Amino acid sequence: QVQLVESGGGSVQPGGSLRLSCAASGFIVDTWTIGWFRQAPGKEREAISSFTTNNGATRYADSVKGRFTISKDGAKNTVYLQMNGLKPEDAAVYYCAATYRPYYDDSRPPPPADEYDYWGQGTQVAVSS
């Protein structure tokens, strides 16, 4: 059973940085994709980034491109989302999700929520002065 645990959320001022972690366990094959999503109150869940393990392909939403970086710890099944230059509109609950589907074209947007089979519980990010 795949399990995902997010951590690293918190409260920062505009322009600040946070690093979210998604600790994954229970995968039965080596190729899988982790996606990061966020959902603000009253808004739809937004796909913001994804990472596919076998080739390191990454995707980003336009709203975070150039500010957020997704990466994976080689020794651990942990995927990070480094968030720099945070803006008030980045405030949301952030979720990681997993699927065994691979995504190779890093010029395309991250896969939508219905492409994923497993979800973490979420971590809150607040951005205000």
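All values reported here derive from a predicted model rather than from experimental measurement.
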**Q** Check for me, please, whether Tyr95 and Ile48 land in the same ILVMFWY cluster - side-chain distances under 4.5 Å, paths through other members count.
**A**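 Unlinked, Tyr95 and Ile48 end up in two clusters.
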
**Q** How close do Ala91 and Ala40 get, heavy atom to heavy atom, and via which atoms?
**A**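 Distance-wise, the nearest heavy atoms are O-CB, 3.7 Å.
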
**Q** State the CD-CH2 distance between Glu46 and Trp36, to the nearest 0.5 angstrom.
**A**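 The CD atom of Glu46 sits 14.0 Å away from the CH2 atom of Trp36.
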
**Q** Which is it for Tyr116 and Phe37 under the ring-ring contact (aromatic ring centres under 6.0 Å, His included) test, yes or no, and what are the steps along the way?
**A** CA-CA 11 Å; Tyr116 291 86; Phe37 292 78; 5.2 Å; yes

**Q** Answer with yes or no whether the side chains of Ser21 and Thr78 bring together a donor and an acceptor at under 3.5 Å.
**A**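 No, no side-chain donor-acceptor pair sits under 3.5 Å.
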
**Q** Between Asp62 and Lys65, is the closest basic N to carboxylate O distance under 4.0 Å?
**A**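 Between Asp62 and Lys65 there is a salt bridge, with a charged N closer than 4.0 Å to a carboxylate O.
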
**Q** Indicate yes or no: does Asp90 engage Arg38 in a salt bridge with an N to O separation below 4.0 Å.
**A**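 Looking at Asp90 and Arg38, the cut-off is met.
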
**Q** Can you name the nearest heavy-atom pair linking Ala47 to Ala61, along with the distance?
**A**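 In this case the closest contact between Ala47 and Ala61 is O-CB, 3.5 Å.
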
**Q** Give a yes or no answer on whether the side chain of Thr52 reaches the backbone of Tyr103 with a donor-acceptor pair at less than 3.5 Å.
**A**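 Yes: the side chain of Thr52 pairs with the backbone of Tyr103.
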
**Q** For Ala57 and Tyr104, which heavy atoms make the closest approach, and how far apart are they?
**A**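 Result for this residue pair: CB-O, 3.9 Å.
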
**Q** Any non-hydrogen side-chain atom of Arg101 less than 4.5 Å from a side-chain atom of Thr31?
**A**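 SC-SC contact between Arg101 and Thr31 ruled out.
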
**Q** CZ of Arg108: more than 12 outside heavy atoms within 6.0 angstrom?
**A**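 Not more than 12 within 6.0 Å, no.
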
**Q** If the plane angle is over 60° it's perpendicular, under 30° parallel, otherwise tilted; pick one for Tyr100 and Tyr118.
**A**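 Ring orientation of Tyr100 relative to Tyr118: perpendicular.
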
**Q** Between Asn54 and Trp32, is there a side-chain heavy-atom distance shorter than 4.5 Å?
**A**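 With C-beta onward as the side chain, the pair stays apart.
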
**Q** Using the rule given for side chain to side chain contact (heavy atoms under 4.5 Å, CB included), can you reason through Tyr94 versus Gln124, listing the C-alpha separation, both sets of side-chain angles and the distance that settles it, and then say yes or no?
**A** CA-CA 6 Å; Tyr94 282 69; Gln124 181 78 50; over 6 Å; no

**Q** To the closest 0.5 Å, what do you measure between OG1 (Thr33) and CD (Glu115)?
**A**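 Here the interatomic distance stands at 10.0 Å.
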
**Q** If you define the side chain from C-beta out and look only at heavy atoms, does anything of Thr53 sit under 4.5 Å from Lys72?
**A**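 A side-chain contact under 4.5 Å exists here.
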
**Q** Answer yes or no: are there more than 12 heavy-atom neighbours, outside Gln3 itself, under 6.0 Å from its atom CD?
**A**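 Incorrect, the count does not exceed 12.
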
**Q** Under 3.5 Å, is there a donor on one side chain and an acceptor on the other for Asn84 and Ser17?
**A**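 Yes, a side-chain donor-acceptor pair sits under 3.5 Å.
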
**Q** What's the spacing between Glu6 CD and Cys96 SG if we round to 0.5 Å?
**A**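 Rounded to the nearest 0.5 Å, the CD-SG separation comes to 4.0 Å.
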
**Q** Determine the sole option in Ile34, Asp73, Thr69, Ile70 for which the side-chain contact (heavy atoms from CB on, under 4.5 Å) test with Tyr80 is passed.
**A**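 That would be Asp73.
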
**Q** Measure the shortest side-chain to side-chain distance between Ser107 and Arg59 over non-hydrogen atoms and say whether it is less than 4.5 angstrom.
**A**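 The answer is no; the side chains never approach within 4.5 Å.
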
**Q** Heavy-atom distance under 4.5 Å between the side chains of Phe27 and Val2, does that happen here?
**A**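 They are in contact (side-chain heavy atoms under 4.5 Å apart), so the answer is yes.
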
**Q** What's the separation between atom CG in Leu81 and atom CG in Leu20, rounded to the nearest 0.5 Å?
**A**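 Reported to 0.5 Å precision, the distance equals 5.5 Å.
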
**Q** Measuring only between side-chain heavy atoms, which start at C-beta, is Ser128 closer than 4.5 Å to Pro14?
**A**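 A side-chain contact under 4.5 Å is absent here.
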
**Q** Can you get from Val79 to Val125 by hopping between Ile, Leu, Val, Met, Phe, Trp and Tyr side chains that sit under 4.5 Å apart?
**A**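 Cluster IDs for Val79 and Val125 match.
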
**Q** So which heavy atom on Leu86 is nearest to which on Leu18, and how close?
**A**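 Shortest heavy-atom contact: CD1-N, 3.9 Å.
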
**Q** As an exercise, state the distance from CZ of Arg67 to OH of Tyr60, rounded to the nearest 0.5 Å.
**A**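 So the CZ of Arg67 and the OH of Tyr60 are separated by 12.5 Å.
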
**Q** When rounded to the nearest 0.5 angstrom, what distance separates CD in Gln121 from OG1 in Thr123?
**A**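 Reported value, rounded in 0.5 Å steps: 7.0 Å.
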
**Q** Got a sec: does the CD of Glu44 have more than 12 other heavy atoms crowding it under 6.0 Å?
**A**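 No, CD of Glu44 has 12 or fewer neighbouring heavy atoms, counting only those of other groups under 6.0 Å.
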
